[in-house]
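Heads up: numbering here begins at 1 and tracks the sequence. Every value quoted in this text rests on a predicted model; they were computed, and no experiment measured them.
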Amino acid sequence: SLDCSGRGNCSYVNTKTLANYTEPCYLGSTICSGVCTCDAGYNGASCSFTDAELQAKQDLRVSLLESLVYLSGIENPSADSVGALLNSLLSLSQNFDELPSSVQSSLFSLSTVVLNNAIAAKVSPDVIAQVLSIVNAASKLSSSSRRRLSLGVDPDTVSQISDTID
């Protein structure tokens, strides 16, 4: 069972529907997942933060993300700027439970900027895999896992990515 830091209860959900999962859920299963239901006053994936701690972490991440959005708009695409932006974005999105759902669209937008800048700067296709981890983190912020996600990348960009990989 999932460790909820002694501040909540573990339950299992179907990963596709998010409905309660009543059958045994085994480690590595792709059809179920453990989730914590936190006691009042605690938050986070493992109920490890008080309300005030989580709010402070979220405020900091929002501020850092706003700074990245600003920087992404003024820098010219280069291998160095793409790498710096990507590393910062990966770091910010690493702990998805410290991100408020309000930043989801910013994460998607910055992911698109990184992809477009990577293409313009002819950066390695490995960047694409790293951007997908950011998209994955952002998708966890959605209130509905069934919502279809879109990066908003234009068809020419998709074609250029495909050409780069081939």
Are [Y] and [X] linked, directly or through intermediate hydrophobic residues, by side-chain heavy-atom contacts shorter than 4.5 Å (ILVMFWY only)?
{"X": "Leu68", "Y": "Val123", "answer": "yes"}
{"X": "Leu64", "Y": "Phe49", "answer": "no"}
{"X": "Leu115", "Y": "Val69", "answer": "yes"}

Which atom of [X] lies closest to which atom of [Y], heavy atoms considered:
{"X": "Cys47", "Y": "Cys4", "answer": "CB-O, 3.4 Å"}
{"X": "Tyr12", "Y": "Gly34", "answer": "CD2-CA, 3.6 Å"}
{"X": "Arg61", "Y": "Leu92", "answer": "NH1-O, 2.7 Å"}
{"X": "Ser106", "Y": "Leu65", "answer": "CB-CD2, 3.8 Å"}

(request) Verify the distance criterion only: is there a donor paired with an acceptor across the side chains of Ser81 and Ser78 at less than 3.5 Å? (result)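 Yes, Ser78 and Ser81 have a side-chain donor paired with an acceptor closer than 3.5 Å.
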
(message) Checking side-chain polar atoms at under 3.5 Å, does Gln55 have a donor or acceptor matched by the opposite partner on Asp59?
(response)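 Yes.
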
(request) Please check if atom CD1 in Ile74 has more than 12 non-hydrogen atoms from other residues, nucleotides or ligands closer than 6.0 Å. (result)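 Yes, enclosed.
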
Is [X] reaching over with its side chain to a backbone N or O of [Y], donor-acceptor style, under 3.5 angstrom?
{"X": "Ser109", "Y": "Ser105", "result": "yes"}
{"X": "Arg7", "Y": "Cys38", "result": "no"}
{"X": "Thr15", "Y": "Ser33", "result": "no"}
{"X": "Ser46", "Y": "Ser5", "result": "no"}

